[in-house]
Amino acid sequence: MGAQQVQERFAELYGARPEGVWAAPGRVNLIGEHTDYNDGFVMPLALPHQATAAVSRRTDGVLRLHSADVGDTVVELRLDSLAPGNDPNWTAYPAGVVWALREAGHPVTGADVHLASTVPTGAGLSSSAALEVVIALALDDLFDLGLQRWRLARLCQRAENVYVGAPTGIMDQTASACCAQGHALFLDTRDLSQRQIPFDLAAEGLRLLVVDTQVKHAHSGGEYGRRRAGCEKGAALLGVDALRDIPYDGLDAALARLGDEEEVARLVRHVVTEDRRVERVVSLLHAGETRAIGPVLTEGHASLRDDFRISCPELDLVVDTALSHGALGARMTGGGFGGSAIVLAEATDVNTLTKAIEEAFTAASFTPPRTFEAVPSAGARRVV
């Protein structure tokens, strides 16, 4: 839905035009999975799919929320009644941001909000982070809060962790807030330092496909939390603040120290090798060896499948089919247990690969996947 349509719908709902319209994108992660909550490295890029919000200020302590994607009801909440764990609905995401801003001492006094999003939900493409960031950016502008983008992302993460109850890391919100068009974002999640890495696939005759398996996942589910707890246990057993502190060349010694903690050892191995894969991809891109990142992506999928054990038959089918039909590399992306896979391919092979994946899903009696191109896009911004 375009900005004009969002403005017009806001006026229908609330009787006046909004003070502004903002947009924040979903993201796809090129490499660096389940490393963000281990103080490691990640490399996301923003998608053209985005959450758009028309917003106006209120001064009476009321938050009114409406989504074009959920229904016709305007939900009205009192700011002084916002509390973690009280809202199981979609409204927890924008309300959680308001709560987090106020908890941090920022003078948000209420708002009218109309939202629309083109980010697929449950596909591992950060639809929730886009929703959080667009609200935070709008309120930052309207109430003149002066938040730096990294701080805005931190507050959105707090909203998701504490208010919603999903134990996600910082990558999704930072990607939505900070990515740049035509680039991938190399992010150190420990100190939040960033480098924008040029990633112009079209100029090299390449494409990055996103294949949404249509298998829904939920970060607030127990499996994600168990993986995170296992990583924290591994760090504690190895005497480090986070698994980021285990050097790649010290991995074998670290695994030996874990003894019979087989599950923890698998998690540790994935995180340490995944951080290394991010660094390898950055080096290859700097060297102009874009095609050479394909095998690194595929290695990442094997690690997520075999060590972290968060893949599923649909994700594995995408990867295996793509590789057998000429893809340069492929892997699942996002939190796992469903969602999407990415495929790096020559532009001339896109149609063949897409057809092969669709036919493989049909043969396996899976729900048909949705495939689209990931074009590195701009981060959150005011559009009106």
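- Under a 3.5 Å cut-off, the side chain of Thr109 and the backbone N or O of Arg58 do form a donor-acceptor pair.
- Panel note: side chain Asp191, backbone Ser193; a donor-acceptor pair is recorded below 3.5 Å.
- Residues Leu344 and Val211 do not share a hydrophobic cluster, clusters being chains of Ile/Leu/Val/Met/Phe/Trp/Tyr side chains in contact below 4.5 Å.
- Under the 4.5 Å side-chain heavy-atom criterion for grouping Ile, Leu, Val, Met, Phe, Trp and Tyr, Val296 is connected to Val278 within one hydrophobic cluster.
- Ionic pairing of Glu223 and Arg226 is present here: one or more N-O contacts between side-chain nitrogen and carboxylate oxygen are shorter than 4.0 angstrom.
- Put simply, the side chain of Leu201 does not reach to within 4.5 Å of the side chain of Glu373, judged on heavy atoms.
- Residues Leu47 and Ser377 form no side-chain contact, since every pair of their non-hydrogen atoms from C-beta on lies 4.5 Å or further apart.
- For the salt bridge (Lys or Arg N to Asp or Glu O under 4.0 Å) with Arg190, the qualifying choice from Asp241, Asp275, Asp245 is Asp245, the only one to do so.
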Taking it one step at a time, do His66 and Phe10 satisfy ring pair (Phe, Tyr, Trp, His ring centres under 6.0 Å)?
-> CA-CA 9 Å; His66 182 270; Phe10 181 99; over 10 Å; no
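- Panel note: side chain Asn29, backbone Gly32; a donor-acceptor pair is recorded below 3.5 Å.
- Using a distance-only test at 3.5 Å, with no hydrogens or angles considered, no donor-acceptor pair links the side chain of Thr35 to the main chain of Gly40.
- By the 4.5 Å heavy-atom criterion applied to side chains, Leu187 and Phe41 are not counted as neighbours.
- Checking Ser117 against Asp69 by side-chain atom types alone, no donor-acceptor pair falls below 3.5 Å.
- Leu238 and Leu255 fall within a single hydrophobic cluster, where Ile, Leu, Val, Met, Phe, Trp and Tyr are joined by side-chain heavy atoms under 4.5 Å apart, directly or via other members.
- Residue Ser311 comes nearest to Asp316 through the heavy atom pair OG-OD1, 2.7 Å, listed as atom of the first residue, atom of the second, then distance.
- Checked by atom type, the side-chain pair Gln50/Arg381 shows a donor-acceptor distance below 3.5 Å.
- Tracing side-chain contacts under 4.5 Å through hydrophobic residues (I, L, V, M, F, W, Y), one reaches Ile31 starting from Ile342; they form part of the same cluster.
- By the neighbour-count criterion of 12 heavy atoms within 6.0 Å, atom CD of Glu12 is densely surrounded, having more than that number from other residues, nucleotides or ligands.
- Hydrophobic clustering of Ile, Leu, Val, Met, Phe, Trp and Tyr side chains at less than 4.5 Å, counting indirect connections, keeps Val215 apart from Val343.
- Between Ile357 and Pro369, the closest side-chain pair of non-hydrogen atoms falls below 4.5 Å.
- Within the 3.5 Å criterion, the main-chain N or O of Val74 finds no donor-acceptor partner in the side chain of Arg64.
- The closest donor-acceptor contact from the side chain of Arg149 to the backbone of Cys178 lies at 3.5 Å or more, if one exists at all.
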Test side-chain contact (heavy atoms from CB on, under 4.5 Å) applied to Tyr14 and Ser56, step by step | CA-CA 10 Å; Tyr14 300 118; Ser56 288; over 6 Å; no
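- Counting only heavy atoms from C-beta outward, the side chains of His183 and Phe199 never approach each other to under 4.5 Å.
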side-chain contact (heavy atoms from CB on, under 4.5 Å) between Glu279 and Tyr248, worked out | CA-CA 11 Å; Glu279 294 179 305; Tyr248 179 74; over 6 Å; no
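- For the residue pair Asp349 and Gly326, the shortest heavy atom distance occurs at OD2-O, 4.0 Å.
- Looking only at atom types and distance, the side chain of Gln214 has no donor-acceptor partner in the side chain of Arg370 under 3.5 Å away.
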May I have the step-by-step check of side-chain contact (heavy atoms from CB on, under 4.5 Å) for Leu45 and Leu208, ending in yes or no?
-> CA-CA 11 Å; Leu45 53 101; Leu208 186 68; 4.2 Å; yes
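- Side-chain contact, His270 with Asp306: no donor N or O sits under 3.5 Å from an acceptor N or O.
- Looking at Tyr163 and Glu132, their side chains never come closer than 4.5 Å, going by heavy atoms from C-beta outward.
- For the 3.5 Å distance criterion, the side chains of Ser126 and Asp172 qualify, holding a donor opposite an acceptor.
- In this structure, Ser176 contributes its side chain and Pro25 its backbone to a donor-acceptor pair below 3.5 Å.
- Contact annotation: the side chain of Phe143 never approaches that of Pro107 to less than 4.5 Å [non-hydrogen atoms, C-beta and beyond].
- Heavy-atom contacts from other residues, nucleotides or ligands closer than 6.0 Å to CD of Glu8 number more than 12.
- Checking Glu274, Arg277, Arg269 one by one against Ser303, the side-chain hydrogen bond (donor to acceptor under 3.5 Å, both in side chains) holds for a single residue, Arg277.
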Any chance you could lay out the side-chain contact (heavy atoms from CB on, under 4.5 Å) test for Ile197 and Met43, step after step, and finish with the verdict?
-> CA-CA 9 Å; Ile197 309 297; Met43 200 172 184; 3.7 Å; yes
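- Relative ring orientation between Phe361 and Phe366 is described as perpendicular, the plane-to-plane angle rising above 60° on a 0-90° scale split at 30° and 60°.
- In this structure, the side chain of His34 engages the main chain of Gly335 through a donor-acceptor pair within 3.5 Å.
- Using a cut-off of 4.0 Å between Lys/Arg side-chain N and Asp/Glu carboxylate O, Arg276 and Glu299 are scored as not salt-bridged.
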With a cut-off of 3.5 Å and sequence neighbours excluded, list every side-chain donor-acceptor pair involving residues 77-88.
unit_1: Arg78; atom_1: NH1; unit_2: Asp60; atom_2: O; d: 3.3
unit_1: Asp87; atom_1: OD1; unit_2: Asn89; atom_2: N; d: 2.9
unit_1: Asp87; atom_1: OD1; unit_2: Asn89; atom_2: ND2; d: 3.3
unit_1: Asp87; atom_1: OD1; unit_2: Thr91; atom_2: OG1; d: 3.3
unit_1: Asp87; atom_1: OD2; unit_2: Thr91; atom_2: OG1; d: 2.5
unit_1: Asp87; atom_1: OD2; unit_2: Ala92; atom_2: N; d: 3.3

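- Between Gln173 and Thr168, some side-chain heavy-atom pair lies under the 4.5 Å cut-off.
- Between Glu204 and Thr290, the side chains place a donor N or O and an acceptor N or O closer than 3.5 Å (distance only, hydrogens not considered).
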